[in-house]
Amino acid sequence: MSTLSPVSPGDDSQVACDLIAGTSLWHDAWRRLRKNRMAVAGGIFVMALTLACLVGPWVVAATWGYGYETQDLNYGAQPPTWSHWFGTDFFGRDVLTRVLYGGRVSLQVGLLAAFVSATLGTVYGAVSGYAGGRIDTLMMRAVDILYALPYMFLVIILVTILGKNLLLIFLALGLVGWLMTARIVRGQVLSLKERDFVRAARSLGTSDISIVFRHLIPNTLGPIIVYFTLTVPSMILQEAFLSFLGLGVQAPRPSLGALINDGANHMVVFWWELVFPGSVLAALLFCLNFLGDGLRDALDPQMKG
Amino acid sequence: MGRFVLRRIAGMVPTLWIIITLSFFVIRLAPGSPFSAERAIAPEVKADLEAKYGFDKPLLTQYMRYMGNLLRGDLGLSTKYPQRSVNEIIWLGFPVTLTLAAVALVWALLLGVTAGIIGAVRQNTVWDYGAMSAAMIGISIPTFVLGPLLVLLFSLTMFIFPPAGWGTWRHVVLPAITLGTIRAGYIARLTRAGMLEVVRSDFVRTAHAKGLPERLIIWRHMLKGGMLPVVTYLGPAIAFMMVGSVVVEKIFNTPGIGPYFVDAAFNRDYFLVMGILVLESVFLLGMNLLVDIAYGFLDPRIRYDG
Amino acid sequence: MDRSRRAIHAGFRRRLRDRFPPARAGVPAVAWLVLLIGNFIAGCDSSDPEYFGTTVPQHGPEVLWLNNGGEAQWIDPGRCSDSNGGDVILNTFAGLVESHPKTLEPMPDVARDWDISADGKVYTFHLRETRWSDGVPVTAHDFEWSHKRLLAPALASKYAYIAYPLKNAEAYNMQALFLTGVDLATSLEDVRDLVAEVIPVERVDISHDPPGFCVFIGGDDDQRDALRKRAILQLNGRRLAGQSLTVRVADSTLVGVEALDASTLRFTLENSIPYFLHLLSFYSFMPVPRHVLDRLEDQGINPDLWTRPQHIVSNGAYTLKEWKFRQFMRFEKNPHYWNAANVRTPEVKAYLVESYNTSLNMYRAGEIDFPGGNLALPSEFMDHLQQFHDYRYDPYVAVYFFWFNTTRPPLDKLEVRQALSLAIDRTAIVKYIKRGGETPTADVVPQGLAGYPGLNSPLFDPERARQLLEAAGYPGGQGMPPITLIYNTSEGHKQIAEAAQQMWKDNLGIHVNIENQEWKVYLKSMETMDFQIARLGWIGDYPDPYTFLDLLLPKSGNNHSNWSDERFSELLREANQTIDQETRIARLLEAERYAMTQQPLMPLYVYTKTTLIKPYVRGVWGNYMDRHLWKYVWIDERWYDGVPSEPVVDSPPPLTPRY
C-alpha cells in the first residue's frame, strides 16, 4: 500500500553525491522547482487544501452553523444541495465539513508519521554511518531484518489486538517508514565523514555527538527532505488504509479513510458519501506526489525513478 | 550462485523465527478468548474446547508445541471455522489470492510498461505528459476508492461484471483491475526512467550512430534497460499486492486469504492468524530472493561472490 | 436477460439526461467535476424505480439464489450454535415437529402424531416411515441417539443446554454425580452435607426414575475432573440414613429420551413445559445419521467430517451437494424426504456472504433473490429502502437492553437504576435512530409470545425519573459518581449509546461516559463484570416468555447484572410446574413484574427483521422467529416478462394434519 520508495536499496552510491551545503544549492533548487509547472500547481493545491481544511470547518460553522459532528436526524442522507454542497450523511451531518475535518486529521497523521519516521531514520542512519565498523554492520543488519518483516500485517495485528489509538497508529506508521531513511542517511554520512570539514572538526576536539548533529545531518538535509515529502502521501495513504479497515481514527472524528469506508458501505444508496471523500483523497495524494517529484528533481537532479 | 542462495535462505531463518515468536506472544496479550460469545458456555464445555486446542497448557508449552507442529507442517486448527484446519483454509484460499495477484500483475505490467514506453520514446511531448499524468493518477487512487467505484459503475449501474464472488473469469476482472492499477502507475514511471537512463548511455548512442532503425533500438536496448528496475520492483509489487488483497478481497468478497488478517485477529483465531502470517512471510522472503536471482541474470555487472 | 439489460440501458440514458446538472457559477470547479462524476454514477439507479435493483430473475425458475449470511461453523445438529449453520440444518434435516411458516404453531414432520401425559411431563411420538437421503430408514433410535449425543460431555456442544428440560439431561451433560442406594425421602440438605465433606457442591437434585440424587459439582472449572474422581473414591459405600451409597458419574441411560421401538419415541421431562413442542422444532433436535458416522469411523476417516458434501446424509427437504468454503453451498431437493411432493423449488444456491453491504450489492444486481434472515439491514438505509415494494419488516423475538451492574455504585441504588430507565425516550430512539418499525419497550418479555399479555411498564417519564434521582440522593444529578456505558464497536450501537447519553443529560442532568470496546474485549468485560452499564441484545430460542425470563436466573450464565433473587427463581420454578397454560402465564407475568421492580436491566425495544425480497420470490411469510424454510419458496415465472399486472395470491399453507 505504501508508495514506492524513490530510492531502491542499491542506490546508495547515487545518493552519496556532492551535497555540501552552500547558499547556491538551495537557491538553485528553488529555481528548478519553480520551473516545474506540475509541481508548482501541486504545491498550490496542497496549500489551498490545507488552508481549506484548517479554516473550512470554521467557515462552514460560521456560515451555516454546523460542525463535523452536528447531527440533524430530520435531515439525514440528503444528496448535494446548495446548503450542503457534498450532501449529508445518515445523521444529517454535513459531508463537506466532515471531509474538510477528515482532511485535517489525515494531513496531521501524514505529517506527524512522516516526521517520526524521518527523525528516527536520520538519527539511526547517521549514528550507524558515523560509527562505522562492527557497530555499523550490526545496525544495518538489524535494518535488513526489519526490512524483511511483513509490516502492514504486523501493524494490522497490533492494532486489532492492542486497540485503536492515534498514538499507536503514528508509531506503527512511523516504524514502517524509517528504514529507508536510515539507509539513505547512512550512505550520505559514510561519504561525508571522510571529508575535510569533518576531519577538521574532529581535530578541533568536537565531540562525536556534535559532529553528527551539527555537521553531518545538516549536510544530508536535501535527500531527507525529498524522502520526507514522498513519505507524507504514503503515510496518508496508509492511515486511510487502516481506517478503511476500521482500524484507524475513532469515530466521531473522521479521517478521509474512515469517511471512505462509510461511503463504501453506503454506496449502494448514498453515492455522495463515497465519491467526495474519495476524490479529495485522490486529489490530495496526486498533488503531494507531484510536489514530491518536483522537489526531488529540484534538490537532487541525479535521483530519478 | 548456489552458495549465495543457500546463504540467503539461511539468513531468512532467524527473521522468520523472530516474526513467529513475536506474533505468537503478542496475540496472546489481547484480552478475550476465541470461545467467548454472547451466550455463556458451560464451564465443562469451555474446558473441553480449550483442551481440544491445547489452550489449557502453559503458554511456553503451547509455544514449544506450536513450533514443533510447524516444523512438521501442521498449522493447527481454526477456532472460527471449527471443522477446518488452518492448512485446509490456506490450501483453499491461497490459490485464489495468488490468481488474483497474478492477473493483477499482468494487468499492471501491460498497462505500466506500455505507458512507460510511450513516455520514454516520445519524451517531453504531450504523449509523455499524458502517460505520466495518467500514471500519477493511477498511483493516487487508493484501491479502496477504486474498488467501490468500479463496483458502482460496472456492477450496480451497467450490470456488466458481478459485484462480488469468485468462480468465473468475470469475477476476476474488477478485483484484478483494482489491485493492479496502482502498481501500473509505478511500473510506468520505472520503465520510463530506466529507458531514459539507457538512452543517455554510450551504447545507444553508438547504435544511433551506426544508423540502426529507431524501432530496433527501442526494442533491443532501451527496453532491456527499462526492464531492469521493473524486475527489481516485482518483488515489492507482489508484496504490496498481498497487502492490497486485504482490502480488495474484502470489497469483492473474494474467498482468498486477505480478509483473514483482520478477521482472524478480531476473532482471536490464534492459529489462523499465525498460519497466515507464516505463509505470508515465507512467501515474501522467497519472492525477494527470486528477484535478487533474476536481477543477477539480467544485469551481468552483478556478481554473487560468496 | 438481454431484454432486461436493454431496458436498463434505456432507463440509464434517460436518467442521465434528467440528472445531469447544469453548470452553475460560484462553486469551485473541482467540486463540480466531482459532482458530475457522482451524478453520472448515480444517474442510473435501478431498472424499475418501484424496486431496489433488477426485477427480472437472473436464473431459471427451478433454482433459488439466496444469501445464508457468513460461513456456517457447523451444520451438524449436535454441534451447531450459529444461526448460519442453523438455517442450513433446518432446511436439510427434518425433526419430529416443525413450526408453521407463518404462525409458528408446531405441526408434525417426521412424527405423524403424539400423545402428552396428563401431567404434561411425558411426550410419546409416533414416527412415520421415512428415509435418509441414502435410502436407509429413519428410526426412533436415530433420534434417541442424536439427542443423547447432543448432551454428551465429550461432544462439548455449546447448545447442549437447549435439551436440559429432558429429565437428567443437565446432570449427564455436566457430568454430575449420581447417588443411588439412598432413600428418596432423605432431604436434599443431608445429601448435600454428606458430599460437601469431600468436594465443593453446587446443587443437589432428586431423580425419581431411576431413583437417586444428582449432585452438581462446584469449584474451579479445571479441577472438576479430579474432584469427580475423588468423590467417587471416597463416597462409594458410605452410609447415609442407614443405607450404603453407590456413586457414579451420571450417564446417558438416565436421560429422559427413549425409543420404545423403531417408530415410537418417548420423552420424559423434568417439568411440564408448554413450549416443549416448539423446542423440538429447533435445529439442535434434528436427527444425526449415526450409520454414516459409524461408517466413516470404520473407514478411518475423521467422523467430524460427516457434514462434508461427499459424506453428508440428511432426511430433510434438501441435501447438500456442493460446499465452496466462504463462497456458496448448493442444495438439491431430497427425493427421499417424506413430503418431497410439496417441495416447490428443486435447487437452492445459498451464498455465504457475511457483509450486508456486499449482500445488498449482489441483491441489487440480481445475483441473489433474498439476502436471507441472518443479515439485518443497517438503519442508515431504512428511510431509503422503505420506499421500495421489495422492502419488508417483521417483528422478531429479540430484545435490546442495557444491563446494570447492580454491585457498582451508584447503580447499586435501585432508584438510580429506575431513574436511568425512565429518563430514556424509547419511542424517539425507535423512530429516529432504528427506523425499522421496532416496538419500544421497557419489559424483558415481548408482548404476544404464546399469549403473553406483556407487562407494559411505563416507557418514558422524565418527571418521575428526576424524583427518583432526588430520592437516591442526587438531586438534579448533583454529586453523582461517574457512570460509563460500554458497547461493542458497531455503528448501530454507537448511535443508541450516543442518543441515550444525550437523553440522560437532558432529562436528569447527569453525564454518562460512553465507551466502545472491540467484540472480544467487550465479552471479556461482560464475563468479568468489569462495567457499570453494558448493552446487549437477546434473541429468544423459542416463542415462549421463559426464553427471556430464564436470562435473569442467577445461574443462567447470561445474567450480567449481579442481581440474584431467590423469590424470582422461586416464582419461575412454580410457573414451570404449572400445567394450566393460563395460570402459568399469570405466574410468569408475576415473576417478570417482580424482576422489573428491581430493574437489573433496562430494555429499550423489541427487534424487527428488515429485509428485501425480490418480487418474483413467493412463499416467504413473516414470523416471530425469522424462520423461512426454502421448501415453501418458489419463483413467480411471470416476472420474466416484466412486471405482472395481477398480484399473486400467496397464502401460507394449512397445518400439516396429525393422524
Side-chain angles (χ1 to χ4, degrees), chain B residues 30-52 56 78-84 88-89 91-93 96 148-149 151-167 171 250-256 259 263 265-268, chain C residues 5 8-9 12 41-46 53-54 71 73-74 76 79 81 153-158 160-161 173-175 221-222 224-225 304-305 307-308 324-328 351 353-355 358-359 361-362 364-367 518-527 536-538 556-558:
Chain B
S33 111
F35 305 119
S36 49
E38 215 154 353
R39 284 165 194 273
I41 319 174
E44 262 79 3
V45 173
K46 198 166 177 182
D48 280 342
L49 282 172
E50 278 179 348
K52 181 181 171 194
D56 51 343
S78 162
T79 47
K80 171 77 194 290
Y81 307 105
Q83 43 174 326
R84 314 253 171 193
E88 186 187 356
I89 290 174
W91 178 249
L92 291 171
V96 175
L149 281 178
V151 172
L152 206 51
L153 204 60
F154 291 103
S155 305
L156 302 182
T157 304
M158 305 205 229
F159 300 101
I160 295 175
F161 295 110
W166 191 253
H171 289 99
K250 216 176 171 67
I251 295 170
F252 292 95
N253 209 57
T254 310
D263 295 347
F266 268 129
N267 290 320
R268 305 289 186 266
Chain C
R5 288 244 164 87
I8 291 160
H9 280 279
F12 156 57
I41 289 161
C44 19
D45 278 333
S46 49
T54 62
E71 175 72 26
Q73 284 200 332
W74 291 106
D76 175 337
R79 288 191 144 116
S81 64
L155 196 73
S157 173
K158 291 183 187 171
Y161 74 85
N173 185 236
M174 301 293 284
Q175 303 172 62
D221 300 351
D222 46 350
R224 289 189 182 175
D225 258 341
D304 280 0
L305 300 183
T307 50
R308 296 292 169 91
K324 289 267 186 204
F325 185 59
R326 285 174 60 231
Q327 297 179 53
F328 63 84
Y351 285 92
V353 175
E354 212 165 338
S355 123
T358 311
S359 180
N361 289 346
M362 291 174 75
R364 188 166 172 173
E367 300 269 313
E518 186 254 297
W519 183 232
K520 290 284 176 184
V521 182
Y522 186 75
L523 289 171
K524 183 89 187 165
S525 307
M526 298 279 285
E527 213 172 283
L536 206 69
W538 188 256
S556 77
N558 294 309

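So that the names make sense, note that chain A is the first sequence line, chain B the second, and so on, each numbered from 1. Reckoned from all heavy atoms, side chains included, excluding hydrogens, waters and symmetry mates.
Neither the backbone nor the side chain of B:Ser78 has a heavy atom closer than 4.5 Å to any heavy atom of chain C. Neither the backbone nor the side chain of B:Pro148 has a heavy atom closer than 4.5 Å to any heavy atom of chain C. For a residue to count as touching a neighbouring chain, one of its non-hydrogen atoms must lie under 4.5 Å from one of that chain's; by this rule B:Glu88 touches chain C with the side chain only. Neither the backbone nor the side chain of C:Ser81 comes within less than 4.5 Å of any heavy atom in chain B. When heavy atoms are compared at a cutoff of 4.5 Å, C:Leu155 does not approach chain B at all.
Summarising the geometry of C:Ala156 relative to B:Asp48, their closest heavy-atom pair is CB-CB, 3.7 Å, with the distance given to 0.1 Å. Across all their heavy atoms, C:Ala365 and B:Ser155 have their closest contact at CB-O, 3.9 Å. Smallest separation of non-hydrogen atoms from B:Thr79 and C:Gln73: O-NE2, 4.1 Å.
A heavy-atom distance below 4.5 Å is found between the side chains of C:Trp74 and B:Pro82. The side-chain heavy atoms of C:Glu367 and B:Pro163, taken from C-beta on, include a pair separated by under 4.5 Å.
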(Q) Quick one, C:Leu523 with B:Arg268, criterion side-chain contact (heavy atoms from CB on, under 4.5 Å). Give me CA distance, side-chain angles, the key distance, then yes/no. (A) CA-CA 12 Å; C:Leu523 289 171; B:Arg268 305 289 186 266; over 6 Å; no
Q | Residue pair B:Arg84, C:Glu71: steps toward the side-chain contact (heavy atoms from CB on, under 4.5 Å) verdict | A | CA-CA 12 Å; B:Arg84 314 253 171 193; C:Glu71 175 72 26; 3.9 Å; yes
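Here the CH2 atom belonging to C:Trp519 is positioned 11.0 Å from the CG atom belonging to B:Asn267, to the nearest 0.5 angstrom. Atom CZ of C:Arg308 sits about 5.5 Å away from atom CD of B:Gln83, to the nearest 0.5 Å. With rounding to the nearest 0.5 angstrom, the CE atom of C:Met362 is 7.0 Å from the CG atom of B:Asn253.
With hydrogens and angles disregarded, a donor-acceptor distance shorter than 3.5 Å links the side chain of C:Arg326 to the backbone of B:Gly256.
In terms of non-hydrogen atom pairs under 4.5 Å with chain B, the most contact-rich of C:Arg224, C:Met174, C:Lys324, C:Gln175 is C:Arg224. Contact tally against chain C (heavy-atom pairs below 4.5 Å) for B:Phe252, B:Trp166, B:Tyr81: the top residue is B:Tyr81.
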